[in-house]
Number of protein chains: 4
Amino acid sequence: MPPDTATPHEPSRRRLPPAERMPQILEAALEEFAARGFAGARMAEVARRAGIAKGLIYHYFPSKTALFEAVVRDGTRSDFEAAERQLSQHSGSYRALLAALLDLGYQAVCEDARDRVLFRLIIAEAEHVPELAGFYRDEMLARSVGIAQRLLEAGVAAGEFRPEVAAPGYAEVVLAPVVMLSVWRIILGNADAPEAAAMRAAHRDLLLAALLPPAG
Amino acid sequence: MPPDTATPHEPSRRRLPPAERMPQILEAALEEFAARGFAGARMAEVARRAGIAKGLIYHYFPSKTALFEAVVRDGTRSDFEAAERQLSQHSGSYRALLAALLDLGYQAVCEDARDRVLFRLIIAEAEHVPELAGFYRDEMLARSVGIAQRLLEAGVAAGEFRPEVAAPGYAEVVLAPVVMLSVWRIILGNADAPEAAAMRAAHRDLLLAALLPPAG
Amino acid sequence: MPPDTATPHEPSRRRLPPAERMPQILEAALEEFAARGFAGARMAEVARRAGIAKGLIYHYFPSKTALFEAVVRDGTRSDFEAAERQLSQHSGSYRALLAALLDLGYQAVCEDARDRVLFRLIIAEAEHVPELAGFYRDEMLARSVGIAQRLLEAGVAAGEFRPEVAAPGYAEVVLAPVVMLSVWRIILGNADAPEAAAMRAAHRDLLLAALLPPAG
Amino acid sequence: MPPDTATPHEPSRRRLPPAERMPQILEAALEEFAARGFAGARMAEVARRAGIAKGLIYHYFPSKTALFEAVVRDGTRSDFEAAERQLSQHSGSYRALLAALLDLGYQAVCEDARDRVLFRLIIAEAEHVPELAGFYRDEMLARSVGIAQRLLEAGVAAGEFRPEVAAPGYAEVVLAPVVMLSVWRIILGNADAPEAAAMRAAHRDLLLAALLPPAG
DNA sequence: AATGAATGAGCATTCATTCAT
DNA sequence: AATGAATGAATGCTCATTCAT
């Protein structure tokens with residue numbers, strides 16, 4: 001591993017109130033945990049990234065594990081709010097809404113989002129930190145499946161989609177390709193992962209063909 | 001983390017030919033890497049699991065990294081062969097083949113496969129061990145996308161599927177839900193992940209509806 | 001080799017400024033390297049001699065090799081300065097200066113100098129630590145040859161010595177016996193090595209006879 | 001340290017009588033000890049150089065230490081014999097004999113002699129292996145000083161040299177430059193050490209001038 | 001005699017954590 | 001609050017030595 005060149009904070013040697021210091025540390029810790037995983041992360045490196053001394057971390061967090069859990073808890077800032085807002089404020093065809101939400105999803109995946117960083121952490125450490133799995137289940141999977149589910153149900157109710165597609169399992173299948181692209185980008189990097197644009201177009205085409213009633 | 005109580009090998013102090021010892025070590029290492037990740041894995045624990053002395057590992061592998069790479073390389077024993085065989089030996093409708101391959105995929109995901117262990121390792125460590133990303137890209141993603149692509153092309157050629165679906169991006173979207181279920185099971189465990197049966201049924205229904213020409 | 005009972009520092013558990021701790025460590029390391037050579041030296045033993053924990057060494061030096069190089073660099077405090085001063089401040093016959101410098105050299109060899117410890121280290125490890133050879137060449141050999149060379153040239157210029165003796169090779173031959181006595185003492189100890197007093201007298205007699213013009 | 005490319009023996013897998021195997025091992029061990037010092041030498045490397053398996057060394061030598069001592073004992077093959085022969089068979093002027101012996105000495109130093117290898121070992125390890133110091137004192141220093149001493153005494157007896165030069169200390173000073181050149185070559189390599197030819201010429205010139213009676 | 005698989009003690013090095021300043 | 005010197009328990013790795021084959 002290269003001697004990480006991540007930009008450290010300006011060397012603020014000034015005394016800061018906890019409300020300002022904690023986010024600095026959490027941000028630095030997120031970067032470090034994401035870059036090295038839990039076991040590979042070094043407290044000294046977290047301190048360097050935050051621009052503070054090693055010892056100061058222990059004023060705010062009693063241990064590496066506690067810091068890690070705080071990082072995860074802090075990661076709750078959701079990108080789902082935009083989608084949920086679109087869903088509830090919607091007026092127009094559900095075909096159009098489906099397309100709009102798909103665009104939103106692929107766009108989120110393509111942005112250099114901190115979310116992917118958290119996502120990788122979750123995949124890597126979920127087995128050892130049960131809280132991570134719970135967090136993903138409740139804050140990420142449930143919400144995205146919920147959005148897809150409500151979209152499908154509303155479309156069925158409006159007569160735009162086939163009635164079967166509101167059954168269990170459909171929502172997961174509908175959103176899986178977006179999430180999977182995110183995983184592929186985690187594994188392969190943005191360059192080597194499948195093309196986002198091609199997948200988005202294919203995804204939209206397939207969904208529209210699959211959801212609409214045969215009669216059109 | 002508790003001092004793992006995984007069953008160690010019988011305390012064979014016997015001299016074994018390398019051809020028998022190496023798989024023992026690779027097996028033990030896979031378990032340990034899967035349980036702890038690369039950084040968290042301990043060579044002493046690998047030795048304990050294999051029922052040998054620490055030093056012997058270094059008789060076979062020059063370093064922890066080399067051992068890790070050998071574990072991954074060794075994991076190449078592919079589940080794709082069955083799918084590739086079905087694809088090339090197929091006679092009958094491509095709708096039926098699609099359904100059969102989907103069943104094969106969901107079944108593979110549901111088996112307690114060592115493959116998922118390997119998959120988690122790849123996701124977690126790909127950034128630090130470049131070989132892993134290449135391995136996934138060439139041996140796993142390319143093969144599964146290739147199978148899906150050939151299925152789509154053949155179905156189009158046979159007039160069973162819409163011509164558009166052979167375009168880039170479709171194959172990835174078609175197989176993404178199966179792979180994504182695998183990831184969800186990695187994160188959440190088999191119990192908390194979405195229902196495989198429901199997803200499989202929804203997936204099949206959606207694909208058949210999406211791929212067939214409008215005229216039916 | 002017995003588990004060395006060299007006096008460890010007082011068990012100072014106090015926090016010290018680096019400017020005080022580093023010399024402690026360097027001193028302890030010199031002792032240990034001198035006693036065991038580079039490969040044989042143990043970092044734990046260096047720590048014990050310095051009265052600190054093993055880990056602290058790595059706070060100051062990134063590796064055993066770096067510590068070794070620092071020890072050597074630190075040993076530069078030269079005994080050549082006295083000789084160089086005499087040479088430049090000299091007024092009087094060069095025969096007398098020659099005798100004075102010889103006395104200085106034999107005296108330096110006979111003192112229980114840390115320099116000999118360093119010298120043995122250099123001889124023993126030069127092949128493996130290239131910096132050592134360069135250090136000896138530039139800081140020890142070049143300086144002592146330089147002193148002898150300037151003495152010979154000045155004596156020739158003053159008409160006291162034969163003109164030939166300023167040619168290449170003479171300076172090395174002139175000082176070799178002093179250096180060699182140092183090596184013999186390294187190998188054999190002070191007791192078994194040739195007599196310093198006898199060598200000094202013989203050396204002075206031979207040089208004076210050899211350098212002076214035949215006419216006397 | 002580079003992955004040593006020293007030529008290993010042909011892989012003689014044949015069973016050999018001890019009388020043939022031992023020299024192979026001793027030769028290989030001398031190379032390895034000389035290259036790495038006692039602590040740094042590896043038995044596996046000795047075996048590789050000898051073209052045999054590690055375990056076989058222990059058929060002939062009970063331990064690394066025992067092997068080392070055997071290497072030293074075996075190194076007694078003297079280069080002094082030629083000088084001693086010249087000295088005893090001599091007829092002619094002692095000035096000429098002095099020059100001839102000097103030539104012999106400088107020539108021995110310049111040859112890529114195994115002796116220097118042993119010499120370095122002696123310097124490096126003498127403190128820890130008392131036998132080494134004794135060996136050097138008796139087999140090398142005493143013999144070379146003895147040769148010089150007898151030469152001086154014979155020259156004095158023949159009236160060629162000043163009577164004083166048979167006193168203690170002169171023999172050591174007379175031969176020191178040759179030995180010192182050997183040490184310099186050990187430390188600095190043949191390329192960086194002082195010029196052998198220049199030293200030899202200066203050495204001869206100085207000695208002849210110093211030893212002859214004033215009257216010539 | 002010969003091999004090289006196997007052991008285990010030992011060593012360099014790392015790093016979470018503590019605590020004097 | 002803040003620092004970074006100091007600790008010590010791991011942990012990766014080496015290597016002399018043993019011994020089954």
Side-chain angles (χ1 to χ4, degrees), chain A residues 11-18 20-21 39-47 51-65 67, chain B residues 12-18 20-22 39-47 51-65 67, chain C residues 12-18 20-22 39-47 51-65 67, chain D residues 11-18 20-21 39-47 51-65 67:
Chain A
S12 72
R13 196 165 295 235
R14 297 186 309 109
R15 179 188 186 115
L16 288 185
E20 295 184 39
R21 208 47 112 186
R42 283 167 296 177
M43 297 296 270
E45 182 62 18
V46 173
I52 60 173
K54 246 183 328 179
L56 190 51
I57 300 178
Y58 288 88
H59 261 278
Y60 295 93
F61 305 96
S63 71
K64 188 185 186 184
T65 301
L67 175 61
Chain B
S12 74
R13 194 165 294 235
R14 294 192 310 111
R15 181 195 186 103
L16 287 185
E20 291 183 42
R21 198 54 101 189
M22 294 233 350
R42 283 169 293 175
M43 296 297 269
E45 181 62 18
V46 173
I52 59 173
K54 230 180 349 175
L56 189 54
I57 302 178
Y58 290 89
H59 203 72
Y60 293 94
F61 305 96
S63 69
K64 190 184 184 183
T65 300
L67 175 61
Chain C
S12 74
R13 195 166 294 236
R14 294 192 310 111
R15 181 195 186 102
L16 287 185
E20 292 184 41
R21 197 57 97 190
M22 294 232 349
R42 283 168 294 174
M43 296 298 268
E45 182 61 18
V46 173
I52 59 173
K54 234 181 343 176
L56 189 54
I57 302 178
Y58 290 88
H59 203 72
Y60 294 92
F61 305 96
S63 69
K64 189 185 186 183
T65 300
L67 174 61
Chain D
S12 72
R13 196 165 294 237
R14 297 187 307 109
R15 180 187 184 118
L16 287 185
E20 295 185 38
R21 209 45 115 185
R42 283 168 296 178
M43 298 296 269
E45 182 61 17
V46 173
I52 60 173
K54 245 182 330 178
L56 189 51
I57 300 178
Y58 289 87
H59 260 278
Y60 294 93
F61 305 96
S63 71
K64 189 186 185 182
T65 300
L67 175 61

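The structure displayed is predicted, hence computed values, not measured ones. To find a chain, count down the sequence lines: A is the first, B the second, and so on, and within it residues start at 1.
- Among the atoms of the strands shown, only primed sugar atoms or phosphate atoms (P, OP1, OP2) are found under 4.0 Å from some heavy atom of D/A41.
- If you measure from atom CD of D/E45 to atom C1' of F/dT14, you get 14 Å, rounded to the nearest angstrom.
- For C/A53, taking side-chain heavy atoms from C-beta onward, the closest of the listed nucleotides F/dA5, F/dG8, E/dT13 is F/dG8.
- Checked against F/dC13, F/dA9, E/dA16, the side chain of B/K54 finds its nearest nucleotide in F/dC13.
- Residue C/H59 places none of its side-chain N or O atoms closer than 4.0 Å to OP1 or OP2 of F/dA6.
- Among the protein residues, B/K64 comes within range of the sugar-phosphate backbone only, with heavy atoms under 4.0 Å from sugar or phosphate atoms but none that close to a base.
- Counting only heavy atoms from C-beta on, B/R15 has its side chain closest to F/dA20 among E/dA16, F/dA20, E/dA12.
- Counting to the nearest Å, the P atom of F/dC13 and the CG atom of B/L56 are 15 Å from each other.
- Distance D/I52 CD1 to E/dG4 C1': 12 Å, rounded to the nearest Å.
- You'll find that the side chain of A/Y58 is closest to E/dT18, out of F/dT17, E/dT18, E/dA12.
- Here the P atom of nucleotide E/dC15 and the CD1 atom of A/I57 are 14 Å apart, to the nearest Å.
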Inset, instruction - Whenever both distances are under 3.5 Å in a Watson-Crick or G-U wobble pair, mark it; put DNA chain F into dot-bracket that way, with [ ] for crossing pairs and | when the partner is on another strand. - result: .||||||||||||||||||||
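- Comparing D/A44 and B/G40, the nucleotide of DNA chain F nearest to each residue sits closer to the 5' end for B/G40.
- At the heavy-atom level, A/Y60 lies under 4.0 Å from the strands shown only through sugar-phosphate atoms.
- In this structure, B/M43 places its CE atom 15 Å from P of E/dT7, rounding to the nearest Å.
- With sequence neighbours excluded, the residues satisfying side chain to side chain contact (heavy atoms under 4.5 Å, CB included) with D/Y58 are D/M43.
- OP1 or OP2 of F/dT14 has not a single side-chain nitrogen or oxygen of D/R42 nearer than 4.0 Å.
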